[in-house]
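This structure is a prediction, so every number in the text was calculated from the model and none was measured.
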Amino acid sequence: MMSDYAIARRRMVEQQITGRGIDDPVVIQAMLDVPRHRFVAEGMEDQAYSDFPLPIGHRQTISQPFIVAFMTQSLLLEGDEKVLEIGTGSGYQAAVLARIVRHVYSVERIHDLARQARRALDFCKAYNVHLKVDDGTCGWKDQAPFDAIITTAGAPEVPLTLKEQLAPGGRLVIPVGGQGAQVLMRYTRIAGDRYREEQLLDCRFVPLIGKHGWKEESSL
Ligand code: SAM
């Protein structure tokens, strides 16, 4: 018998994911598999499958399910990739990616969030997610290059450090713009310093704070 959460998850996928045009079967399966209620703040489990972002503490959020699915699909993953995520937050996006690819490297700047994310990821046996507490605007140099990079916080401009950590053919999906609204962009490294640039969607993320992002005080 399906649990209430599994039923809510199936409904979420039908209404918010496939119902809005996400059609990559591996993305759909990952959204069906990952127990999102394990990644939300305690006491908010009953809202875990709703159509909006939720607060996770420290003025940060777990993104809306559709945005997670849309960004994952936009990375054009096939299964063998090494992916970098900037902004671990709750760990949910990393758990979705971990179902699809070989290795996920994820950087979070807030210790407490990284600790909670690790717990939820371990519950899901997502041992192929490697976490680090650091300024993700600098990427993860020791592990570069990456086949795909996803940034789940909004940058004033695309950090060159991230573009440079893409393998040839690699894709970077990142919200770029002001703090009130951004455009979700995809940069594909063609070769050397040649990139293809595409605008995917209007969006609104919390700020990417760091050396190559917003200064801390500007987001207060
Ligand atoms: N991917 C997350 C999830 O699945 O829950 C949602 C992330 S939340 C919208 C954005 C996250 O980016 C926050 O946890 C924030 O602390 C983090 N962040 C902001 N600037 C960062 C930086 N320079 N390096 C690493 N993490 C950063």
Side-chain angles (χ1 to χ4, degrees), residues 1-14 16-18 22 24-50 53-58 60-134 136 140 142-144 146-153 173:
M1 219 177 89
M2 269 177 131
S3 71
D4 287 354
Y5 286 128
I7 292 168
R9 199 153 57 242
R10 182 160 289 279
R11 192 175 308 132
M12 170 193 86
V13 168
E14 283 167 9
Q16 304 171 39
I17 309 302
T18 53
I22 302 294
D24 183 335
V26 296
V27 176
I28 295 166
Q29 192 59 51
M31 299 296 292
L32 280 171
D33 287 344
V34 177
R36 185 172 160 93
H37 60 280
R38 284 276 172 177
F39 292 85
V40 302
E42 226 180 299
M44 299 192 103
E45 292 85 351
D46 60 336
Q47 296 181 64
Y49 298 98
S50 303
L54 289 169
I56 54 170
H58 302 271
Q60 305 304 321
T61 53
I62 175 173
S63 302
Q64 178 193 21
F66 172 74
I67 280 287
V68 174
F70 185 87
M71 291 178 84
T72 307
Q73 178 162 285
S74 301
L75 293 171
L76 307 175
L77 302 168
E78 288 181 348
D80 205 27
E81 291 88 351
K82 182 177 173 184
V83 178
L84 173 67
E85 179 192 25
I86 311 303
T88 315
S90 68
Y92 177 67
Q93 172 75 74
V96 168
L97 290 167
R99 292 261 168 185
I100 300 173
V101 302
R102 194 174 289 272
H103 286 291
V104 180
Y105 292 81
S106 184
V107 189
E108 171 56 54
R109 63 186 281 274
I110 300 173
H111 276 87
D112 193 37
L113 292 180
R115 239 190 331 264
Q116 290 173 43
R118 181 75 271 166
R119 268 205 297 273
L121 288 162
D122 285 349
F123 174 83
C124 298
K125 299 189 171 56
Y127 305 126
N128 58 339
V129 178
H130 314 275
L131 293 188
K132 167 164 104 155
V133 176
D134 211 338
W140 194 323
D142 299 350
Q143 292 297 337
F146 297 95
D147 303 302
I149 302 179
I150 176 171
T151 302
T152 62
V173 170

(message) Measuring from atom OG of Ser106 to atom CZ of Arg118, what distance do you get when rounded to the nearest 0.5 angstrom?
(response) 9.5 Å
(message) Let me confirm one number: the CG-CE distance from Leu54 to Met44, rounded to the nearest 0.5 Å.
(response) 5.0 Å
(message) As a test of understanding, state which of Val27, Ile28, Ile17, Val173 forms a side-chain contact (heavy atoms from CB on, under 4.5 Å) with Gln73.
(response) Val27
(request) Check whether any side-chain heavy atom of Gln29 lies under 4.5 Å from a side-chain heavy atom of Arg99, and answer yes or no. (result) no
(message) I'd like to check Ile67 versus Thr152 (side-chain heavy atoms, cut-off strictly below 4.5 Å). Are they in contact?
(response) no
(request) Would you give the length of the straight line joining atom CD of Glu42 to atom CD1 of Ile56, rounded to the nearest 0.5 angstrom? (result) 14.5 Å
(request) Please tell me if the side chains of Leu131 and Glu108 come closer than 4.5 Å, counting only heavy atoms from C-beta onward. (result) no
(message) So Thr88 and Leu113, do their side chains get closer than 4.5 Å, heavy atoms only?
(response) no
(message) Is the positively charged end of Lys132 above the ring of Tyr105, judged by distance under 6.0 angstrom from the centroid and angle within 45° of the axis?
(response) no
(request) Side-chain contact test, heavy atoms from C-beta onward, threshold under 4.5 Å: evaluate it for His130 versus Gln143 and give yes or no. (result) no
(message) Within the 3.5 Å criterion, strictly below it, is a donor on Tyr92 or Arg36 matched to an acceptor on the partner's side chain?
(response) no
(message) Less than 4.5 Å apart, side chain to side chain, heavy atoms only: is that true for Leu77 and Val83?
(response) yes
(request) Taking the side chain as every heavy atom from C-beta outward, state whether Val101 and Leu75 have any pair of such atoms under 4.5 Å apart. (result) no
(message) Under a 4.0 Å threshold between the charged nitrogen and the carboxylate oxygen, would Arg102 count as salt-bridged to Asp80?
(response) yes
(message) Salt bridge check, Asp122 against Arg119: does any charged N sit closer than 4.0 Å to a carboxylate O?
(response) no
(request) Give, for atom NZ of Lys82 and atom CG of Asn128, the distance between the pair rounded to the nearest 0.5 Å. (result) 13.0 Å
(request) Measure the acute angle between the ring planes of Tyr5 and His37, then classify it against the limits of 30° and 60° as parallel, tilted or perpendicular. (result) parallel
(message) When you measure from the side chain of Glu81 to the backbone of Gly79, do you find a donor-acceptor pair of N or O atoms at a distance under 3.5 Å?
(response) yes
(request) Could you walk me through whether Thr72 and Asp24 pass side chain to side chain contact (heavy atoms under 4.5 Å, CB included), step by step? (result) CA-CA 9 Å; Thr72 307; Asp24 183 335; over 6 Å; no
(message) Measuring only between side-chain heavy atoms, which start at C-beta, is Gln16 closer than 4.5 Å to Ser50?
(response) no
